[in-house]
Amino acid sequence: MIDTHLMTLKTVHSVAELRAIVANWRAEGLRIALVPTMGALHFGHISLTEYARQTADRVIVSIFVNPTQFGPDEDFGAYPRTLPDDQKILDGAGVELCFAPSVTEMYPDGFATKVSVDGSMTDVLCGAARPGHFDGVAQVVTKLLLQALPDCAVFGQKDYQQLMVIRRFAADLNIPVNIIGAPILREDDGLAMSSRNRYLTADERKAAPTLNRVLTEITNAAAQGADIGPLLDAGRKEIIAAGFEPIDYLEIRDENTLELVAKQVIKPSRIFVAARLGKARLIDNRAIEPGKIAG
């Protein structure tokens, strides 16, 4: 059991408490950053807080497993909830405030409002594989931004489509928060850090870096003008051979609009993948710059 009395991190569970602390910081003229998470924190999350620290005096990390972004057959019930460990990690990282609301605090009796983004951005990739997912994301992130009203909010680029959706509704709704995308943090073998990596068995963990290796190979070939179709066909075969099944998508899309790139990469794009390995659904992406080799 962690003795939270020894922490400099403060944890609050209500919107009223959150706003009271933010109001005091505002009165002191401090800049505030918000890092929304679902907990089960790892070094990738901590990299987001460090990124936030570059532009803010105080950092808030929210921890909330949001039920409205999970489908009926997804892992809402099994998603790891590790608040005591998360608090220790945040305290060690120098984060000032953790906002950990309950479901009833976020969605009280009578809650009846939805936020959604037009389907041209949300009906593809994870939106096609997880119907309604981005409505749930848009709903909860809108609430978090309005509850905390930070100067900026930081999101990881591993969930690149999510980042684009959040930027879209924040702009459309005139929410006065700068939405920042932070680089993907990877393990030494290239696997993108994710809370869902803990679902992997030892053998699956050895196979998991195949995703990044395949993405890197395709990225470098596509950046040099190779035809996309054969690259993706070969990539799918490699991913399946490593034990992934099914593959939800392996696609190259425009970096700004998420429109499908079908033949050759001629402007900044991204390759996206989502595939299941055992109990884990893993996602990843890489930027493709024409003429530039990926590191």
Worksheet item: Ignoring hydrogens and geometry, is there a side-chain-to-backbone donor-acceptor pair from Asn197 to Leu191 under 3.5 Å?
Response: no
Worksheet item: What closest approach, in Å, do Ile252 and Ser269 show between heavy atoms, and which atom pair accounts for it?
Response: CG2-CB, 3.9 Å
Discussion item. Applying side-chain hydrogen bond (donor to acceptor under 3.5 Å, both in side chains) to Thr216 and Arg286, what does each step give before you reach the verdict?
Written reply: CA-CA 7 Å; Thr216 302; Arg286 274 192 171 274; 3.0 Å; yes
Item to complete: Could you tell me whether the side chain of Ser62 reaches within less than 4.5 Å of the side chain of Thr37, counting heavy atoms only?
Response: no
Worksheet item: Are any of the side-chain heavy atoms of Leu163 and Gln157 separated by less than 4.5 Å?
Response: yes
Worksheet item: Tell me, do Phe155 and Ile179 make a side-chain contact under 4.5 Å, heavy atoms counted?
Response: yes
Worksheet entry | Residue pair Ile89 / Leu41: nearest heavy atoms and the distance that separates them | CD1-O, 3.7 Å
Worksheet item: Tyr199 ring centre to Arg276 NZ or CZ under 6.0 Å, with the angle to the axis within 45°?
Response: no
Fill in: Under-4.0 Å salt bridge between Lys237 and Asp233
no
Worksheet entry | Reported OH-to-CZ distance for the pair Tyr107 and Phe64, which is rounded to 0.5 angstrom | 5.0 Å
Worksheet item: Can we say Lys10 and Asp91 salt-bridge, meaning some charged N sits less than 4.0 Å from an Asp/Glu carboxylate O?
Response: no
Worksheet item: Can any side-chain N or O of His13 pair as donor or acceptor with the backbone N or O of Ala100 at less than 3.5 Å?
Response: yes
Worksheet item: Would you say the side-chain atoms of Asp189 pair up with the backbone N or O of Pro209, donor to acceptor, closer than 3.5 Å?
Response: no
Worksheet item: In terms of side-chain heavy atoms, does Ser14 have a donor or acceptor partner in Glu17 at a distance below 3.5 Å?
Response: yes
Worksheet item: Once you round to the nearest 0.5 Å, how far does OG1 of Thr257 lie from NZ of Lys267?
Response: 6.0 Å
Worksheet item: Do Leu250 and Ile218 pass the side-chain contact (heavy atoms from CB on, under 4.5 Å) test, and can you show the C-alpha distance, the side-chain angles, and the key distance before you say yes or no?
Response: CA-CA 10 Å; Leu250 178 65; Ile218 295 175; 4.2 Å; yes
Practice prompt. Test Asp57 against Ile32 for side-chain contact (heavy atoms from CB on, under 4.5 Å), laying out the working first.
Written response: CA-CA 6 Å; Asp57 304 300; Ile32 301 164; over 6 Å; no
Discussion item. If we ignore hydrogens and angles and just use 3.5 Å, is the side chain of Asp86 paired with the main-chain N or O of Ala40 as donor and acceptor?
Written reply: yes
Fill in: Cluster link Phe99 to Ile21, ILVMFWY, side chain under 4.5 Å
yes
Worksheet, complete the sentence: The side chain to side chain contact (heavy atoms under 4.5 Å, CB included) partners of Arg53 (sequence neighbours excluded) come to Val59, Glu96
Worksheet item: How about Ser116 and Phe134: do any of their side-chain heavy atoms sit closer than 4.5 Å?
Response: no
Practice prompt. Please report the shortest heavy-atom distance between Asp123 and Ala128, naming the atom on each side.
Written response: O-CB, 3.2 Å
Discussion item. Could you tell me if the side chain of Phe111 sits less than 4.5 Å from the side chain of Thr104, heavy atoms only?
Written reply: no
Fill in: Gap between atom SG of Cys98 and atom CE of Met7 - 0.5 Å precision
9.5 Å
Worksheet, complete the sentence: Between Met38 and Ile63 the two heavy atoms that sit nearest each other are C-CG2, 4.2 Å
Discussion item. Could you check whether any side-chain heavy atom of Val22 comes within less than 4.5 Å of a side-chain heavy atom of Arg19, counting everything from C-beta outward?
Written reply: no
Worksheet item: If you group Ile, Leu, Val, Met, Phe, Trp and Tyr by side-chain heavy-atom gaps below 4.5 Å, do Leu173 and Val165 land in one group?
Response: yes
Discussion item. Assigning hydrophobic clusters by single linkage (Ile, Leu, Val, Met, Phe, Trp, Tyr; side-chain heavy-atom cutoff under 4.5 Å), is Ile283 placed with Met164?
Written reply: yes
Discussion item. Between Pro67 and Val103, is there a side-chain heavy-atom distance shorter than 4.5 Å?
Written reply: yes
Discussion item. Whether Arg270 and Asp284 form a salt bridge (side-chain N of Lys/Arg under 4.0 Å from carboxylate O of Asp/Glu) is what I want to check.
Written reply: no
Practice prompt. Run the numbers on Leu215 and Phe272 for side-chain contact (heavy atoms from CB on, under 4.5 Å), then give the verdict.
Written response: CA-CA 8 Å; Leu215 292 192; Phe272 297 89; over 6 Å; no
Item to complete: Could you walk me through whether Thr201 and Lys279 pass side-chain contact (heavy atoms from CB on, under 4.5 Å), step by step?
Response: CA-CA 9 Å; Thr201 66; Lys279 295 180 180 179; over 6 Å; no
Worksheet item: Does Asp227 use its side chain to pair, donor to acceptor, with the backbone of Gly229 at less than 3.5 Å?
Response: no
Worksheet item: Is there a donor-acceptor pair closer than 3.5 Å between any side-chain N or O of Lys143 and the backbone N or O of Met106?
Response: yes
Worksheet item: Once the angle between the rings of Phe70 and Tyr79 is folded into 0 to 90°, is it parallel (under 30°), tilted (30 to 60°) or perpendicular (over 60°)?
Response: perpendicular
Worksheet item: Just wondering, do Leu97 and Leu18 contact through their side chains at under 4.5 Å, heavy atoms?
Response: yes
Discussion item. Can you tell me how far apart CZ (Arg186) and CE (Met193) are? Round to the nearest 0.5 Å.
Written reply: 10.5 Å
Worksheet item: Hey, any chance Val140 and Val65 share a hydrophobic cluster, counting ILVMFWY side chains that come within less than 4.5 Å of each other, even indirectly?
Response: no
Fill in: Exam field: side chain Asn285 to backbone Lys158, donor-acceptor pair closer than 3.5 Å
yes
Practice prompt. Examine Val117 and Leu260 and state if one hydrophobic cluster contains both, with Ile, Leu, Val, Met, Phe, Trp and Tyr joined whenever side-chain heavy atoms are less than 4.5 Å apart.
Written response: no
Worksheet item: Sub-3.5 Å donor-acceptor pair from the side chain of Asp248 to the main-chain atoms of Ala129, do we have one?
Response: no
Fill in: Geometric class of the His45/His42 ring pair [parallel <30°, tilted 30-60°, perpendicular >60°]
tilted
Fill in: From CD (Gln161) to CD1 (Ile166), nearest 0.5 Å
11.0 Å
Discussion item. Test your reading of the model: is there a side-chain donor-acceptor pair from Arg31 to the backbone of Ala56, 3.5 Å cut-off?
Written reply: no
Item to complete: Taking atom CZ of Phe43 as the centre, report whether more than 12 heavy atoms of other residues, nucleotides or ligands fall under 6.0 Å from it.
Response: no
Discussion item. Could you report the tightest heavy-atom contact between Arg196 and Ala280, atom names first, then the distance?
Written reply: O-CB, 3.7 Å
Practice prompt. State, to 0.1 Å, how close Phe244 and Ala207 come at their nearest heavy-atom pair, and which atoms those are.
Written response: CE1-O, 3.9 Å
Discussion item. Quick one, Asp135 with Lys114, criterion salt bridge (Lys or Arg N to Asp or Glu O under 4.0 Å). Give me CA distance, side-chain angles, the key distance, then yes/no.
Written reply: CA-CA 7 Å; Asp135 286 351; Lys114 293 183 178 180; over 6 Å; no
Worksheet item: Does a donor on one side chain sit under 3.5 Å from an acceptor on the other, for Thr11 and Gln87?
Response: yes
Item to complete: Answer with yes or no whether the side chains of Gln139 and Thr68 bring together a donor and an acceptor at under 3.5 Å.
Response: yes
Fill in: Distance in Å, Ile60 CD1 paired with Leu34 CG, rounded so as to fall on 0.5 Å steps
6.0 Å
Worksheet item: Do NZ/NE/NH1/NH2 and the carboxylate oxygens of Glu74 and Arg281 come within less than 4.0 Å?
Response: no
